[in-house]
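Beneath this line is the structure, given in structure tokens, with notes to follow.
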Amino acid sequence: MRKRWSFTKSLIAFFSLFLVGQIAVTPCTVAVVSGKVTPDGRPLLWKNRDTSARPNKMAFLQGNKYSFIGIIHPLDKELKNVWAGINSEGFAIMNSASADLAESAGMVGLSENGIFMKLALGECADVADFERLLDETNGKRQVGANFGVIDAKGNACFFETRNSSYVKFDANDPRVAPQGYIVRTNYAFTSPIKNGGGGYIRFERISQLFQTASAEERLNIPFILQEAARDLVNEKLHSYPLSDPKAFDPATPYYINTSDTINRNSTVSVTLFHGAPSHEKAYLSTMWVLLGQAVCTAAIPLWAHAEDVPEVAGGEGTAPLNDLAIALADYLYPDERGHMRQYLNVTRLLTYGGNGILNRILPIENKVLEKTENMLAKWESQKPEKEEMQAFQKEVAAWVYRSLRESFPDIQPKER
């Protein structure tokens, strides 16, 4: 029995590593927002990361030129891939895989999007550097992605990128982005393949959400973290689960399929980058991260300038914050038969403990947002030492983890 168990465990580890290199296409919902339309004049860059590889954690890494923090997979021991990150110069990058940008049929599952983003974080101080990197690697890279980037100079762009070419979309250019933002899912506007890629339902929904927020002048951090990233609506099915009376009857649990919602059954993390007010204050560039499905955890702030990540978000093995979020996701997706893992128990989401899961998470997150805003105001007038940033992000992350454990006392993370 022991040998059989060891073989099975090794097989699972092998296939997890298989996924680390993005062998399977990983859908995502992403956006870049110009500082021209945000309340504080600072650009925003957002990614809901969707993949079959559920564990995520943060890491601090040293690149060829610049140090950076980013999302990695715990089984990526050689740290080859970074799935979203920000560096010491305030340059941030993320992506959504776009199969219709692949230059050969077999390349879709062998793309090096994560490898390329790690390279960019270590090499690029700004968007101009990234564009130069794209020029230098034309024909040498193996990618198929919509890369979103911002920097401390206020640049905010998407690059629809293939192995040997790319097309730039500038959110600061009113001819390209008349409302000051660009959204993408998993297809490219410049692909030669008609109706290729995927994520069309999510694209329609996120376009509507951003259009409404733009009209109401609230393209800001709370909107993206608490509305866009956690959205469970599927308008094709006329499904609005958070306002459906059926969802509140524990006697008849109400399920929805979250394969085509923005908060998906395969969402494993959320990153939101808040750009700096100026190049001289690049140290204020902030990475907000939710380590887990958006409705299962709370956001924490991190800074590349701190040159460290909190233990609950990183560590030697898996991240405790992420382990708890995965346990909460297992509670919300209780049926493991076949494709039933795609179905979220909305009744559990809305009635857990009497008031529901989000009513326990959002007050925690709101306190973090308020406390961080006050700290950033202080740091803007006086640049902090890295030790001060380390202490603050460690304190906040530990408090979030402790608060979540207290809010969900019967949800126990599994050993990994």
Side-chain angles (χ1 to χ4, degrees), residues 48-49 53-60 69 71-75 221-222 225-226 229-230 232 242 250 263 265-272 286-303 306 308-334 336 341 344-372 375 389-416:
N48 263 36
R49 184 184 179 221
R54 298 175 80 193
N56 277 242
K57 71 175 185 177
M58 297 300 304
F60 170 72
I69 54 173
I71 291 233
I72 65 166
H73 191 286
L75 288 179
I221 292 171
L225 290 181
Q226 299 183 351
R230 292 181 167 109
L232 290 167
L242 300 188
N263 180 114
N265 49 71
S266 59
T267 299
V268 300
S269 64
V270 178
T271 47
L272 175 60
T286 307
M287 179 178 185
W288 290 93
V289 60
L290 292 90
L291 287 175
Q293 194 171 141
V295 296
C296 298
T297 190
I300 60 170
L302 301 170
W303 293 272
D308 193 22
V309 297
E311 187 71 19
V312 296
E316 291 297 319
T318 55
L321 263 173
N322 186 230
D323 292 340
L324 180 57
I326 290 174
L328 197 49
D330 288 340
Y331 170 77
L332 290 176
Y333 296 84
E336 299 183 1
R341 285 293 299 190
L344 184 149
N345 187 322
V346 182
T347 306
R348 286 188 171 186
L349 178 68
L350 296 179
T351 64
Y352 174 88
N355 61 343
I357 287 174
L358 288 176
N359 282 332
R360 292 169 178 244
I361 289 177
L362 293 182
I364 297 170
E365 188 167 280
N366 286 333
K367 287 183 180 179
V368 173
L369 289 170
E370 180 182 2
K371 189 171 184 178
T372 303
M375 186 59 73
M389 279 188 158
Q390 286 177 7
F392 180 77
Q393 66 182 21
K394 180 179 180 181
E395 175 191 345
V396 169
W399 179 80
V400 167
Y401 179 65
R402 186 168 63 251
S403 299
L404 290 173
R405 289 302 301 266
E406 292 171 355
S407 297
F408 306 104
D410 57 335
I411 306 295
Q412 297 299 321
K414 297 177 182 178
E415 290 188 14
R416 298 184 182 278

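Because only heavy atoms are used, hydrogens play no part in the values below, and waters and symmetry mates are left out as well, while side chains stay in.
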Which pair of non-hydrogen atoms, one from G292 and one from A325, has the smallest distance, and what is that distance?
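Closest pair (atom of G292, atom of A325, distance): CA-CB, 3.8 Å.
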Under the 3.5 angstrom rule, does the side chain of [X] hit a backbone N or O of [Y] as a donor-acceptor pair?
X: R360; Y: L404; result: no
X: Q393; Y: D308; result: yes
X: R348; Y: L332; result: no
X: K394; Y: E311; result: no
X: N322; Y: N56; result: yes

Decide yes or no on side-chain contact (heavy atoms from CB on, under 4.5 Å) for N263 and Q293, but give the supporting numbers first.
CA-CA 7 Å; N263 180 114; Q293 194 171 141; 2.7 Å; yes
Please round to the nearest 0.5 Å and tell me the distance separating atom [atom1] of [X] and atom [atom2] of [Y].
X: L291; Y: I71; atom1: CG; atom2: CD1; result: 5.5 Å
X: R54; Y: S269; atom1: CZ; atom2: OG; result: 13.0 Å
X: L321; Y: L290; atom1: CG; atom2: CG; result: 9.5 Å
X: N265; Y: T267; atom1: CG; atom2: OG1; result: 7.5 Å
X: I364; Y: W399; atom1: CD1; atom2: CH2; result: 5.5 Å
X: L369; Y: L362; atom1: CG; atom2: CG; result: 9.5 Å

Once the angle between the rings of Y352 and Y331 is folded into 0 to 90°, is it parallel (under 30°), tilted (30 to 60°) or perpendicular (over 60°)?
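Correct class here is perpendicular.
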Please evaluate residues I300 and V368 with respect to the criterion side-chain contact (heavy atoms from CB on, under 4.5 Å), reporting the C-alpha separation (whole Å), side-chain torsions for both, the decisive distance (0.1 Å), and the verdict.
CA-CA 7 Å; I300 60 170; V368 173; 5.6 Å; no
Let me see the working for F60 and L302 under side-chain contact (heavy atoms from CB on, under 4.5 Å), right down to the final yes or no.
CA-CA 10 Å; F60 170 72; L302 301 170; over 6 Å; no
Partners passing side chain to side chain donor-acceptor pair (under 3.5 Å) against T297 (at least two apart in sequence or in another chain)
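Checked T297 against side chain to side chain donor-acceptor pair (under 3.5 Å); zero matches.
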Evaluate the side-chain contact (heavy atoms from CB on, under 4.5 Å) criterion for residues T271 and R49: first the C-alpha distance (whole Å), next the side-chain angles of each, then the deciding distance (0.1 Å), finally the verdict.
CA-CA 8 Å; T271 47; R49 184 184 179 221; over 6 Å; no
